[in-house]
Amino acid sequence: MATGNQGKLREYRDLLEPAGFEVVPFEPGIEETGSTYLENAALKAEAAMAATGTPAVGDDSGVEVEALDGFPGLYSARLGKTQPERTAELLRRLEPYPRPWRARFTCTIALARPGETTRSVTGERRGEIVPEWRGGVGFGYDPVFYVAEAGKTFGEMDPEEKHRWSHRGAAVRALLASGWLS
Ligand code: ITT
């Protein structure tokens with residue numbers, strides 16, 4: 001798993017270990033120079049595969065806010081130095097706009113295997129950004145991402161529940177269903 005994000009790593013362990021996979025973290029240490037989630041996910045997966053010689057997955061994800069024309073999207077990790085700063089910056093930018101602040105989380109997973117073409121799957125979840133931080137579970141923007149159908153933010157869901165609703169849960173289920181991991 002080509003990530004330095006502990007929150008993501010925990011979720012991949014949760015989602016893939018019950019399916020029989022051992023998830024080993026590897027920090028690819030590359031610059032995310034791609035212009036799409038897919039390009040960045042592939043850069044991470046291919047760097048990890050090249051360094052380790054084993055199959056690797058990379059995850060590029062982000063939250064796109066309608067009022068901000070899809071921002072921060074690809075730049076979700078770069079809105080500030082720490083996550084509290086990033087979340088506060090997102091809320092600051094949204095302040096002038098009327099609610100609801102409709103948003104969508106996207107997660108693209110790239111799978112790189114030695115000698116094979118890199119393949120990918122994507123999962124999405126629609127919701128809205130809320131101004132007050134709710135719940136202490138999860139990571140990243142979880143406390144301000146509200147899923148109306150569940151009546152909770154991601155930050156208020158236990159891991160199982162988040163996986164059921166989340167962009168990453170959907171992407172991993174698609175990856176498992178693809179048969180590419182066998
Ligand atoms: P790696 O590249 O090392 O995997 P990263 O944190 O830089 O880690 P991204 O470039 O994909 O990851 O940036 C995604 C940003 O969106 C980052 O700020 C995450 O915390 C946030 N994010 C992604 N998935 C999330 C989720 O399920 N819940 C909350 N925030 C999430």
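Fair warning: this is a prediction, and the values are worked out from it, not measured in the lab. Starting from 1, each residue takes its place in the sequence as its number. Whatever order the structure lists ligands and atoms in, that order sets their numbers, starting from 1.
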Shortest protein heavy-atom distance from [atom], along with the residue and atom involved:
| atom | value |
| --- | --- |
| atom 13 (O) of ligand 1 | A77 CB, 3.4 Å |
| atom 12 (O) of ligand 1 | K8 NZ, 2.9 Å |
| atom 23 (C) of ligand 1 | S61 OG, 3.2 Å |
| atom 15 (C) of ligand 1 | S76 CB, 3.7 Å |
| atom 8 (O) of ligand 1 | N5 CB, 3.4 Å |
| atom 4 (O) of ligand 1 | T3 OG1, 2.6 Å |
| atom 28 (N) of ligand 1 | D142 OD1, 2.5 Å |
| atom 30 (N) of ligand 1 | Y141 N, 3.0 Å |

Flag for D59-S61: side-chain donor and acceptor within less than 3.5 Å: yes
Flag if over 12 foreign heavy atoms under 6.0 Å of CZ, R78: yes
E160 atom CD, over 12 foreign heavy atoms within 6.0 Å: no
Within-cut-off N or O pair, F105 and ligand 1, under 3.5 Å: no
Backbone or side-chain N or O of R168 under 3.5 Å from ligand 1 N or O: yes
Partner of R104 by salt bridge (Lys or Arg N to Asp or Glu O under 4.0 Å), out of E66, E124, E128: E124
Distance (rounded to the nearest 0.5 Å) between D60 CG and K8 NZ: 6.0 Å
Pair R86 + E89: basic N to acidic O under 4.0 Å: no
E149 and R125 ion-paired at < 4.0 Å: yes
Relative to the heavy atoms of [X], which atoms of ligand 1 are at a distance of less than 4.0 Å?
| X | result |
| --- | --- |
| E32 | 2 (O), 7 (O), 10 (O) |
| G140 | 20 (O), 29 (C), 30 (N) |
| H167 | 24 (N), 25 (C), 26 (C), 27 (O) |
| G4 | 3 (O) |
| Q83 | 18 (O), 20 (O) |
| K162 | 26 (C), 27 (O), 28 (N) |

Inter- and intrachain pairs under side-chain hydrogen bond (donor to acceptor under 3.5 Å, both in side chains), touching residues 17-33, at least two apart: E32-K44
pair F139-Q83: side-chain heavy atoms closer than 4.5 Å: no
Nearest atoms (heavy-atom pairs only) where P72 meets V63: CD-O, 3.3 Å
Any donor-acceptor N/O pair, D142 side chain to F154 backbone, under 3.5 Å: no
K44 contact mode with ligand 1 (heavy-atom cut-off under 4.0 Å): side chain
